[in-house]
There are 2 protein chains.
Amino acid sequence: MEDAALTLFAERGFHGTGIRQLAEAAGLSSASLYHWMGTKEELLARLMRQALTRLTDAAVADLAAAPQDDPRTRVAVLVRVHVREHALRRRETRVVDGELAALGEGTRAEVLDLRDTYEQLWAEEIRRGCEDGAFTVARPDVARRAVLEMCSSVARWYRPDGPLDVEELAATYVDLTLRALGADPA
Amino acid sequence: MEDAALTLFAERGFHGTGIRQLAEAAGLSSASLYHWMGTKEELLARLMRQALTRLTDAAVADLAAAPQDDPRTRVAVLVRVHVREHALRRRETRVVDGELAALGEGTRAEVLDLRDTYEQLWAEEIRRGCEDGAFTVARPDVARRAVLEMCSSVARWYRPDGPLDVEELAATYVDLTLRALGADPA
DNA sequence: CCCATCCGATCGATCGATCGATAGGCTCAG
DNA sequence: CTGAGCCTATCGATCGATCGATCGGATGGG
């Protein structure tokens, strides 16, 4: 159910997807759908929370598994997990990034909080890297947004069945990101 | 009329904006609206074409005005005009980037053609820079998409009334882009 | 017997779009 | 100068379709 909804929301958008389309894609009547979905907006919010929580969990786990303390290494870890998730779970990302406006005020604030929590992981490593000279950026906040969005953009064009392997893709983005941050290549 | 529609489409999305909201924002009845708008989708397509044409024209003009032949200089020109347009015309950009799926097949192809025309300006300079050694990137196509999306992202967070001046912003993005491309700092 | 699951039927609201009518200004023959 | 004819711009009313959501009632395994 949730899987079919994710596909439709990603392809047609929240407002562009009707209850009856969701029901058909799930193989249910629109009435039955409400047993699983709650309201349409609650479904959207649940999908968004799941996606953001999963991304944050993956990033925290990979950071914890990395023995290195060097901000360059840790940013590289963040880029890799981010690119992997965005390349392999494009639907989730497109919905999270594109349908925030469809949420009610309270729910939107809640989802934005989850996003902030994730982005703080990046902010912390970039801040440390700037302090100890590993990175050279005039405006760390602008740089953080820039590289984050750069890495997110893979969800908008990458195709896993294309000629480019996900790990090669991630490695390319690690290079782009570290260079953009002016990483001292030590 | 078109201006009010742009605001609504950018804030609520195409499918999230009703005919009656468009009419109210334009100070007309929904019936009168159709004299100016054509169908709702024709209005969207017109807005998109205008925005993309304007962006391309600005980029071509700025490139022509730049005496330099160095790919680094020319990419810097592209970044500056791109960031300026995206920072000062956020509504247009958000609609072009976010509502492509709302277009019919024929119109979408047409708009995508306009976008391709614009992106070819970037592709050409990046290709030249890679050939003559000004840039060092493993995959020019991936790099082009990455830096383009990085620069586009300003439309999603920048506020012209904030503490950061547009030209400072553009300069920061020139740095980020040239470094990501591995520009030989000559 | 109950509870989870499903459905057909249907709710009021709103959707995008069109209708015929009207009001005002411009043109041009008489 | 007049007035008939036309064009542009506007409107209230309304079209059929679809929207998100809910109802009461099946069905069937524990």
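To find a chain, count down the sequence lines: A is the first, B the second, and so on, and within it residues start at 1. This is a predicted model, so every value here is computed, not measured.
- One interatomic measurement links the two molecules: CE of A:M37 to P of C:dT5, which rounds to 16 Å at whole-angstrom precision.
- Taking the six-membered ring where tryptophan is involved, the planes of A:Y118 and A:H82 are essentially parallel, since the angle between them stays under 30° and well short of 60°.
- Here C:dT18 presents its P atom at 10 Å from CD1 of B:I19, a figure rounded to the nearest Å.
- Counting any heavy atom pair closer than 4.0 Å across all strands shown, A:T39 reaches sugar-phosphate atoms only and no base atom.
- Nucleotide C:dA17 holds its P atom 10 Å from the CG atom of B:L22, rounded to whole Å.
- One interatomic measurement links the two molecules: NE2 of B:H35 to P of C:dA23, which rounds to 16 Å at whole-angstrom precision.
- The hydrophobic cluster containing A:V81 does not contain A:V154, counting ILVMFWY residues as joined when their side-chain heavy atoms lie under 4.5 angstrom apart, directly or transitively.
- Using a 4.0 Å cut-off, some side-chain N or O of B:W36 falls inside it from OP1 or OP2 of D:dT10.
- Proximity of B:S32 to the phosphate of D:dA9: no side-chain N or O atom is located under 4.0 Å from OP1 or OP2.
- Heavy-atom contacts from other residues, nucleotides or ligands closer than 6.0 Å to CZ of A:R89 number more than 12.
- Counting non-hydrogen atoms of other residues, nucleotides and ligands closer than 6.0 Å to CD of B:Q21 gives a total above 12.
- Contact annotation: B:S29 side-chain N/O to D:dG12 OP1/OP2 distance is not under 4.0 Å.
- Residue A:A31 places its side chain closer to D:dC23 than to any other of D:dC23, D:dA21, D:dC11.
- The A:R20 side chain lies nearest to C:dT10 when the options are C:dA17, C:dT10, C:dC7.
- Look at CG on A:L33: it is 11 Å from P on D:dG20, rounded to the nearest Å.
- The separation between A:H15 atom NE2 and D:dC19 atom P is 14 Å, rounded to whole Å.
- If you take CD of B:E24 and P of D:dG12, they are 13 Å apart, rounded to a whole angstrom.
- Remark: A:R144 fails to qualify as a cation-pi partner of A:W122 under the 6.0 Å distance and 45° angle criteria applied to the six-membered ring.
- Counting to the nearest Å, the P atom of D:dA13 and the OH atom of B:Y34 are 18 Å from each other.
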